[in-house]
Amino acid sequence: IGALSWDKIDFENKTISIVRAVEDANTAEVMIKSTKNKASKRKIGIDEHLDRIFRERKLNQTEELFKIGVRLPHDALVFPESILEPYIPRRPRGITSAFLRKAKSLGFGGLKLHDLRHTHITALLEAGVPIQGVSQRAGHSTPNHTLSTYSWCMKRSEDKAVDVARDLMSQALSHR
């Protein structure tokens, strides 16, 4: 999210193109680089709620810059270090620290930012989203990578499959 720029959000189609990442190599500069691999470059859909949040953020940035006579560049970062320096990303450690403080203040002490990614992927799998779609959304190189990382979740899916199969068989037998 640190490398996300406004030109990578398609508001009309409600998608985000993920093509870059932020690297904090313990130097004075934080760098934007290409994603880890080909599969990491992806386009994911966003829902109406997230679309609205992004639209409001863009409007706020546009208005703030307008006050000082500056236009928001079309390819500015969505979450820059400073609105006055729209191409300088925030340090990932700073984002993480801010998240940890906020999570703790809300009663979620111990919750890490990356945990949200795992929660999202787990929820998609448990909701029955096909593995290929989940793998693509996660930016994994193959569905096998997703399966191996989230195999514990697949056990619960197998239990659900047993329940569904039982219900289907019961319905079929009751119509005889």
Side-chain angles (χ1 to χ4, degrees), residues 1-25 30-62 72-83 85-100 102-103 106 108 111-158 160-161:
I1 195 94
L4 181 63
S5 55
W6 289 115
D7 61 331
K8 302 301 181 218
I9 301 175
D10 181 344
F11 288 107
E12 185 175 323
N13 294 307
K14 290 187 174 58
T15 61
I16 296 175
S17 293
I18 299 171
V19 296
R20 303 181 309 176
V22 175
E23 180 178 38
D24 189 356
V30 179
M31 299 171 30
I32 293 179
K33 62 176 190 155
S34 186
T35 57
K36 285 192 284 191
N37 57 51
K38 186 178 176 184
S40 296
K41 290 182 193 243
R42 62 206 185 270
K43 188 178 284 192
I44 62 169
I46 58 173
D47 64 18
E48 297 79 20
H49 180 73
L50 192 53
D51 176 71
R52 187 175 65 251
I53 289 170
F54 279 127
R55 286 177 189 271
E56 289 172 5
R57 179 158 183 86
K58 187 172 186 181
L59 179 62
N60 288 341
Q61 282 183 346
T62 300
L72 178 69
H74 79 284
D75 58 347
L77 293 174
V78 176
F79 301 102
E81 179 65 31
S82 163
I83 195 166
E85 299 186 62
Y87 299 110
I88 298 178
R90 293 180 180 187
R91 287 196 172 276
R93 282 186 234 132
I95 294 170
T96 299
S97 296
F99 176 83
L100 291 172
K102 186 66 171 178
L106 294 171
F108 295 100
L111 180 69
K112 298 180 204 79
L113 185 57
H114 198 72
D115 293 341
L116 298 179
R117 174 181 167 81
H118 291 304
T119 300
H120 180 71
I121 293 168
T122 300
L124 293 174
L125 291 169
E126 289 184 343
V129 175
I131 191 68
Q132 181 65 36
V134 175
S135 182
Q136 188 275 333
R137 187 169 182 88
H140 291 157
S141 55
T142 67
N144 286 339
H145 177 79
T146 309
L147 286 169
S148 67
T149 305
Y150 294 90
S151 60
W152 60 271
C153 184
M154 297 293 107
K155 172 61 178 136
R156 286 192 277 190
S157 295
E158 175 59 22
K160 185 176 179 180

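Keep in mind the model is a prediction, meaning the values are calculated, not measured.
Minimum interatomic distance between Thr35 and Lys41 (heavy atoms only, all atoms of both residues): OG1-CG, 3.1 Å. The two residues Lys112 and Leu100 have their closest heavy-atom pair at CA-CD2, 4.1 Å. Of all heavy-atom pairs between Pro89 and Ile32, the closest is CG-CG1, 3.9 Å. Nearest heavy-atom pair across Ile121 and Ala138 is CD1-CB, 3.6 Å. Heavy-atom minimum distance, Glu81 versus Arg90: OE1-CA, 3.3 Å. Across Pro73 and Tyr87, no two heavy atoms sit closer than the pair CB-OH, 3.0 Å.
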Take Arg55 and Arg52, measure what side-chain contact (heavy atoms from CB on, under 4.5 Å) needs, and give me the verdict at the end. CA-CA 5 Å; Arg55 286 177 189 271; Arg52 187 175 65 251; 5.6 Å; no

For a side-chain contact (heavy atoms from CB on, under 4.5 Å) check, start with the C-alpha distance between Phe99 and His114, then their side-chain angles and the critical distance, and finish with the verdict. CA-CA 10 Å; Phe99 176 83; His114 198 72; over 6 Å; no

Do Phe79 and Val22 pass the side-chain contact (heavy atoms from CB on, under 4.5 Å) test, and can you show the C-alpha distance, the side-chain angles, and the key distance before you say yes or no? CA-CA 12 Å; Phe79 301 102; Val22 175; over 6 Å; no

Mind running side-chain contact (heavy atoms from CB on, under 4.5 Å) on Asp51 and Ile9 for me, showing each step along the way? CA-CA 9 Å; Asp51 176 71; Ile9 301 175; 5.7 Å; no

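Side-chain atoms of Ser148 come within 3.5 Å of backbone N or O of His145 as a donor-acceptor pair. Proximity of a side-chain donor or acceptor of Arg42 to a complementary backbone N or O of Arg137 within less than 3.5 Å is detected. Side chain of Ser135 to backbone of Ile131: no donor-acceptor contact under 3.5 angstrom is found.
Using a 4.5 Å heavy-atom cutoff, the side chains of Trp6 and Asp75 are not in contact.
Considering Ile46, Ile44, Asp47 as possible partners of Lys14, the one that fulfils the side chain to side chain contact (heavy atoms under 4.5 Å, CB included) test is Ile46.
To the nearest 0.5 Å, atoms CZ (Arg57) and OG1 (Thr62) are separated by 11.0 Å. If you take CG on Asp10 and OG on Ser17, they are separated by 7.5 Å, rounding to the nearest 0.5 Å. Atom CG in Leu111 sits 7.0 Å away from atom OG1 in Thr119 (nearest 0.5 Å). One finds the CG atom of Leu125 at 8.0 Å from the CG atom of Leu147 (value rounded to the nearest 0.5 Å). With rounding to the nearest 0.5 angstrom, the CG atom of Leu59 is 15.0 Å from the CZ atom of Phe54. Within the model, atoms CG of Leu77 and CD of Gln61 stand 9.0 Å from one another, a figure rounded to the nearest 0.5 Å.
Note: Tyr150 and His118 have tilted aromatic rings, judged against thresholds of 30 and 60 degrees for the angle between ring planes.
Side-chain contact, Arg117 with His120: no donor N or O sits under 3.5 Å from an acceptor N or O.
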